[in-house]
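To find a chain, count down the sequence lines: A is the first, B the second, and so on, and within it residues start at 1.
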Amino acid sequence: MKPIIQINKLSKTYLLGEHKVEALSEVSLNIHAGEFVILSGPSGSGKSTLLQLIGCLDTPTAGDVTVLDLNVNKASDRVMSNFRARSLGFVFQNFNLIPVLNVYENVEYSLLLGKRSYQKKDITDVIEQVGLGKFSHHKPNALSGGQRQRVAIARALVHKPNVLIADEPTANLDAKTSSEVLSLMTELALENNTTVVMSSHDPSLIEKSDVRQIKLVDGKLVGDEPRALSNVI
Amino acid sequence: MMTMLAIITGVMGIIIFGGFTEANYSGLRESVIRSQYGHMQIYQQGYLEGHRKEPSEYRLSSEEVDKYIEIFEEDERILVASQRVEFAGLLGNETSSQAAIIRGVQPESESLINSALTIFDGDELTDDDLNGVLLGAGLAESLSVEVGDELTLLASNDDGIMNAVDVVVQGKFRSVSTEYDDRAMMMHIEKAQELLGIDSVESIVLLLSDTKLLPDVVESIEQQSATQGLNLEYTTWDKLATFYHKVVKLYDGMFVFINVVIVMIVLISVTNTMMIAVMERTGEIGTIRALGTQRSSVIWQFICEGGVLSFLSALLGILLGVAVASYINSIGIMMSPPPGSSRGFPLRIEFVPMTWFITVSGVVLVALIASYFPARNASRKNIVDALRYV
Ligand SMILES: Nc1ncnc2c1ncn2[C@@H]1O[C@H](COP(=O)(O)OP(=O)(O)OP(=O)(O)O)[C@@H](O)[C@H]1O
Ligand SMILES: [Mg+2]
């Protein structure tokens, strides 16, 4: 089967004044549909950079990323925006909800962008699934961090994307909330058969047996293996 | 907030100043029409070109007058048709004399045309006051005569022979023009015709029920003149009232200036507000772009915001402007006389819905333009960088 994400000698260099920062250098890997991938590695190792490239938010300096059939190097902004709206879901470290919209509207926003027909029930169902049925009409600032991230998960998955991209989704949450949020995300993604690529400082939080763990150091791929079962708590 | 305030005050300024000039225009227009010219003056063909050289050649004969008056009386839009004779004469008593411009009028219909002319001493003329005359304020002063005094009026008739009649000062008047009041006298047209030895008149002055009807009336008079072969020509008040046009030009200039200033203010403050809004919401822009919102939608969203903000501000400005204008109208401030005029007038602000409409659309249009560049900036932000601002 053809991989859903193909990464070939991918490099990304940032320019800081005259200073060049090589955030990723010649990373190659394939991810198949339905895989659950965790990027790990020390701070500054290039995890976020790789996720941004997979998420079609940025373009590489060299090499290729192809997600589904879209080559990120070659697509126009318009095509990439459309692609993100239909085929990708995002969960951010800082939740990134839209402050003027309530929970329901934040989730609906994703569906509006996807330009497919939907029903009210599609939205209320996901909100129910993330356990926020009672909070539908609350604004984000009336919610706790864990609740906000659950709204973000609902928003990221309501349009049933092919790939969910999550950059340190639990970095701003306490340990207990983190594991709750993570198991919720895992569960929902599994249910939708969504491929998950996430980064985490603490991969051991994932309570899932078949996880693929990719390790980056200084922008280079240094490890790619199914996580040993002993790591599962 | 500052932007709303700027737009609100700007719009109020336009409403109030625009209404003020409009009130001045219409006030001045009506007073010019009603103290001098009427809406239209009808003459014998060729009068306008030739009457200065040969005044006697270009008068309307009594038959013509009868025919025209009949036509005018049928027209409901014409309130008054009043006959006039104008000539120069020498006005004097034992102690002094003065050259005067004398207008022979039909007193009762003329007084309708001259409703903006105030008799500040004595009485108006009636159709029965054959010997009475009205003197302009300045003329009465230079002759130092009082109401009731007798004067002798000298004028030459069509054959160049000097003729004299005795008249009695029945009243003194003021019009909008001090210059005119320095030299003007009014008397009964029949007495004037007697003095000049004629039965013709120089002009028929028409007063309409509404100034707006003038173009229609002009058209129908032209038509009738053509079909019936009438030997007449006419002029309208606005061709005679040069002073009115000067004032209009002055105010229009000021109004344009104010509008330009307000457009600048709206442009700058909306641009500024939108730039700040875009900056403050960098993170949000990053988020919605990451979720797949198109650049064009981001632009559209900010432009709409600018449009709504300015539309609401402009509406508020109009409401407040109208409120302030009504208040000013209700307390009735008196203004000092405009140049060349002898009387002050109450400060009035007219309501001109057309101006409101134009102002609101103008403000919104300017705001949309002003929002465009900040909006485009917002849409072109690098998504990854913008996401960091959350
Ligand atoms: N926009 C940018 N401009 C310049 N340098 C950047 C930019 N983004 C990332 N970098 C640099 O690229 C390198 C990789 O950064 P990246 O954010 O991908 O690391 P990370 O693994 O996500 O780190 P963390 O765990 O701290 O989030 C770092 O050295 C970082 O300083
Ligand atoms: Mg990172």
Side-chain angles (χ1 to χ4, degrees), chain A residues 12 14 23 48-60 70 72 76-101 105-116 140 148 152 155-159 161 165-168 172, chain B residues 1-4 270 272-313 316 367-368 371-390:
Chain A
K12 179 75 184 177
Y14 291 108
S48 295
T49 305
L50 182 55
L51 286 174
Q52 285 151 11
L53 291 170
I54 295 173
C56 305
L57 299 172
D58 209 351
T59 45
L70 185 92
V72 175
S76 70
D77 183 81
R78 187 174 188 81
V79 170
M80 291 220 284
S81 299
N82 245 327
F83 181 75
R84 288 195 299 271
R86 282 162 183 264
S87 309
L88 303 183
F90 289 89
V91 176
F92 306 97
Q93 182 177 335
N94 297 312
F95 323 134
N96 291 36
L97 299 176
I98 298 165
V100 292
L101 303 182
E105 293 159 343
N106 261 286
V107 176
E108 187 177 26
Y109 192 87
S110 238
L111 286 173
L112 289 172
L113 286 176
K115 288 178 192 136
R116 289 196 197 108
R148 287 183 206 190
R155 176 178 70 181
L157 293 172
V158 68
H159 57 300
I165 290 158
D167 192 0
E168 311 214 22
N172 282 333
Chain B
M1 235 10 247
M2 279 313 286
T3 306
M4 289 194 77
V270 170
N272 193 45
T273 306
M274 294 317 285
M275 265 160 53
I276 292 172
V278 166
M279 243 152 61
E280 278 174 349
R281 281 156 58 190
T282 302
E284 200 182 315
I285 295 165
T287 304
I288 62 171
R289 289 278 290 134
L291 297 181
T293 306
Q294 294 289 350
R295 278 186 174 149
S296 53
S297 316
V298 174
I299 294 183
W300 188 232
Q301 189 178 329
F302 278 98
I303 286 185
C304 283
E305 268 173 48
V308 169
L309 172 84
S310 60
F311 178 70
L312 292 180
S313 310
L316 222 84
L368 293 182
S371 306
Y372 175 72
F373 291 97
R376 200 181 61 157
N377 255 351
S379 78
R380 293 196 173 176
K381 278 180 192 292
N382 178 294
I383 300 172
V384 170
D385 289 341
L387 275 173
R388 257 199 285 275
Y389 284 86
V390 174

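Side-chain contact between A:F92 and A:D167 is absent, with no heavy-atom pair separated by less than 4.5 Å. The closest side-chain heavy-atom distance from B:I383 to A:R84 is below 4.5 Å.
Note: A:S81 leads A:S110, A:C56, A:A85, A:S81 in heavy-atom pairs under 4.5 Å with chain B.
Contact annotation for A:Y109: only side-chain heavy atoms (C-beta onward) come within less than 4.5 Å of a heavy atom of chain B. For chain A, no part of B:R281 is nearby; none of its heavy atoms comes within less than 4.5 Å. Looking at A:L57, both its backbone and its side chain come within 4.5 Å of chain B, counting heavy atoms on both sides. With a 4.5 angstrom heavy-atom cutoff, A:R86 does not touch chain B via any of its atoms. Using a 4.5 Å cut-off between heavy atoms, A:F83 makes no contact with chain B at all.
Taken from CG in B:L387 to CG in A:N96, the straight-line distance is 6.0 Å, to the nearest 0.5 Å. Distance check: B:S371 OG to B:L309 CG gives 8.0 Å after rounding to the nearest 0.5 Å.
Residues B:R380 and A:D77 are not paired through a salt bridge, judged by the lack of any N-O separation under 4.0 Å between the basic side chain and the carboxylate.
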